[in-house]
Number of protein chains: 2
Amino acid sequence: MNINDLDYFNQLIKRKNFSKVAADFNVTQPTITMAIKRLEREFNATLFLRDRVHNELIVTPSGEQLAVHAQTILNELQVAHRELSHLADQHMVLGLPPIIETYYFPKVAAQLQQQGILENIQTLAGGSVWLRNALRDGQADVALLGSTEPLAYRTLVAEEFDRQPFNIFVSAQHPLAARKRIYFSELKREKFVLFNSSFVHNTAFNKLTRRNHFRPDVVFQAADTHVIMNLVAENVGVTFLTGIVDQHRNDVVRLELLDDEQPTFISSIVTRTSHVLTPMQQRVIQVLQGTLEE
Amino acid sequence: MNINDLDYFNQLIKRKNFSKVAADFNVTQPTITMAIKRLEREFNATLFLRDRVHNELIVTPSGEQLAVHAQTILNELQVAHRELSHLADQHMVLGLPPIIETYYFPKVAAQLQQQGILENIQTLAGGSVWLRNALRDGQADVALLGSTEPLAYRTLVAEEFDRQPFNIFVSAQHPLAARKRIYFSELKREKFVLFNSSFVHNTAFNKLTRRNHFRPDVVFQAADTHVIMNLVAENVGVTFLTGIVDQHRNDVVRLELLDDEQPTFISSIVTRTSHVLTPMQQRVIQVLQGTLEE
DNA sequence: GGATACTATAAATATTTTTTATAGTCGCCG
DNA sequence: CGGCGACTATAAAAAATATTTATAGTATCC
């Protein structure tokens with residue numbers, strides 16, 4: 001049995017049209033007909049019903065079931081290709097969401113440099129959700145991910161290394177600047193400048209607004225914490241970020257939240273369950289664990 | 001790329017010998033050489049080092065990594081074959097460990113019969129551990145499994161439907177027969193007749209003996225609860241089983257355990273995450289849920 | 001009734017895999 | 001040391017498979 005056949009099949013499931021699938025793969029239409037026939041013979045099942053009357057292609061239960069497995073197999077192959085290509089290049093792709101890249105990675109990089117393995121690391125930036133998928137499809141081998149709940153996925157292994165509360169940052173000229181701690185509900189009338197690229201902050205923020213029954217007035221969303229901090233300093237609005245972002249500015253004040261049951265920013269080291277660590281990769285992971293878990 | 005190549009590769013990983021793999025598949029030796037070459041070209045990596053000096057075959061890191069994926073892919077295909085074969089025969093294989101088969105299944109079967117779908121069920125008997133693997137490799141489509149901890153596996157979905165405490169059963173002539181409840185530690189000097197085929201009972205039993213610091217005197221292990229009960233009635237020993245086994249005998253007395261933190265016998269309906277339910281299979285699951293969850 | 005949009009079939013070609021036959025490498029042992 | 005045994009590799013031929021080309025079939029739409 002040929003993998004191509006599964007590829008054709010998989011595409012036919014999506015496209016529901018033999019000729020178009022053929023075009024997608026730059027082969028002629030009978031090729032697809034034959035491929036499906038081979039699969040139908042191999043699995044001894046009808047995979048599609050050719051409904052000429054309504055001119056549509058119906059996927060049988062057997063077809064649906066096979067589609068699930070075909071998908072897994074094709075993904076597994078893709079991951080294999082990517083993983084082996086990383087191995088060949090002697091590097092490891094480390095996924096980093098922007099916040100983690102800015103505030104945790106420098107420490108890690110220094111350690112990796114000392115051990116002479118920094119050159120084997122290739123970073124891949126992206127939001128937490130996107131990186132999770134990049135891990136799954138083999139684009140990344142390891143990722144440091146932020147989340148509000150402990151991560152638990154079928155194909156990934158996560159090891160938590162830090163928990164940080166979320167804080168409120170206001171301008172030094174802001175009336176609340178004199179305070180050290182506040183309740184989230186006190187922010188009902190404030191304007192917010194928020195972080196947009198990371199889904200995690202939004203999740204946490206939305207939880208809190210919902211729990212406190214208000215619709216926040218979000219005046220701006222930025223992808224970079226420095227931009228946000230500058231806007232906060234200018235008193236354009238207040239923001240909601242993790243404490244690690246603090247960074248000794250004197251034009252911005254950090255306020256702790258007093259609410260019970262606050263969401264926390266959980267940081268984890270995540271890998272694929274199927275990923276086999278080389279000795280070099282094990283050292284990288286050890287450095288990550290050592291540096292990040294204090 | 002051909003699945004056969006992965007099959008050859010997978011076997012070579014196990015056997016570490018080209019000629020033997022060739023023999024295993026009834027092909028000639030150059031076939032294996034070529035297959036590995038094709039994979040090495042396809043993945044642009046060396047998969048094995050042929051160490052002529054020590055006359056052994058060394059698997060490279062790339063080889064190790066590919067092996068993991070090859071295994072997954074081959075398993076996925078095997079599952080697909082089995083699942084589609086069940087679909088073709090219009091049946092569903094239901095795995096049942098002996099205890100569950102005896103004490104829960106009759107109720108279920110009656111309901112399934114009423115709905116006219118009993119004939120579509122094929123049961124598969126086996127211990128919990130064995131059935132878990134049967135689910136994973138597609139031999140079974142659904143299983144009712146017993147466990148002492150909630151089931152959580154990567155490739156399986158479990159839905160709990162019952163929790164039962166474990167009980168002690170003694171002969172009506174036994175000194176303890178007058179009691180209703182006892183502490184497990186009071187059984188230090190007893191002889192035990194235990195259930196052997198189900199790993200779950202042993203796990204729970206061992207937990208308790210360990211916690212109470214004694215080495216139990218196990219005089220016999222049987223695969224059938226009736227045998228055990230008969231031995232208990234004859235006062236050969238006492239036993240440790242779930243309450244459902246009770247079955248109105250007057251020569252045997254059931255004692256509840258007074259210990260805090262007792263292990264419980266958790267029963268769950270388990271399926272593969274990758275399994276697509278047909279309408280008929282959905283009805284079966286509904287009957288299972290309806291009947292078993294009261 | 002002809003044009004259009006699909007899928008299927010059959011024969012010819014092209015491609016890929018396997019076999020056959022043989023060579024190469026190394027260790028072992030008399 | 002030389003021949004034998006246990007391996008794997010290579011090359012050419014043969015066999016098996018997949019793809020293309022060309023064409024037929026079936027149903028819809030106008």
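Below, chain A is the first sequence line, B the second, and so on; all start at residue 1.
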Would you please confirm or rule out a distance under 4.0 Å between OP1 or OP2 of [N] and any side-chain N or O of [X]?
X      : N       : value
K37(A) : dT9(C)  : yes
K16(A) : dC6(C)  : no
T28(B) : dT20(C) : no
N17(B) : dA6(D)  : no
S19(B) : dT8(D)  : yes

Distances under 3.5 Å between nitrogen or oxygen atoms of protein and nucleotides 16-18 of chain D:
none

| pair H69(B)-L77(A): side-chain heavy atoms closer than 4.5 Å |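 No - every pair of side-chain heavy atoms lies 4.5 Å or more apart.
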| field | Side chains of I36(A) and L12(A) in contact at under 4.5 Å (non-hydrogen atoms) | value | yes
| message | Please confirm whether the ring centroid of F48(B) lies under 6.0 Å from the ring centroid of F9(B). | response |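 Yes, the ring centres sit under 6.0 Å apart.
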Set of residues satisfying salt bridge (charged side-chain N to carboxylate O under 4.0 Å, His left out) with respect to [X], sequence neighbours excluded:
X      : value
E56(B) : none
R82(B) : D137(B)
D89(B) : none

Is it the case that atom [atom1] in [X] sees more than 12 heavy atoms from other parts of the structure closer than 6.0 Å?
X       : atom1 : value
N44(A)  : CG    : no
Q113(A) : CD    : no
Q90(B)  : CD    : no

Between atom [atom1] in [X] and atom [atom2] in [N], what is the gap in whole Å?
X      : N       : atom1 : atom2 : value
L47(A) : dT7(C)  : CG    : C1'   : 16 Å
D51(A) : dT28(D) : CG    : C1'   : 13 Å
L12(A) : dT7(C)  : CG    : C1'   : 11 Å
F18(A) : dT26(D) : CZ    : P     : 17 Å
E56(A) : dT7(C)  : CD    : C1'   : 15 Å
E42(B) : dT16(C) : CD    : P     : 12 Å
L57(A) : dA27(D) : CG    : P     : 16 Å
R15(B) : dA6(D)  : CZ    : C1'   : 15 Å

| field | Closest-nucleotide 5' rank along DNA chain D - winner of M34(A) and R50(B) | value | R50(B)
Anything under 3.5 Å between a donor and an acceptor, one on a side chain of residues 148-156 of chain B, the other on a protein residue two or more places apart or in another chain? List them.
unit_1  : atom_1 : unit_2  : atom_2 : d
E149(B) : OE2    : K207(B) : NZ     : 3.0
Y153(B) : OH     : R132(B) : NE     : 3.3
Y153(B) : OH     : R132(B) : NH1    : 2.9

| task | Quick one, give me the B/S/- string for nucleotides 22-29 of chain C, reading 5' to 3', where B means a protein heavy atom under 4.0 Å from the base and S means that only happens at the primed atoms, P, OP1 or OP2. | result | ---SSS--
| task | With the side chain of T33(B) defined as its heavy atoms from C-beta on, choose the nearest nucleotide among dC7(D), dA9(D), dT20(D). | result | dA9(D)
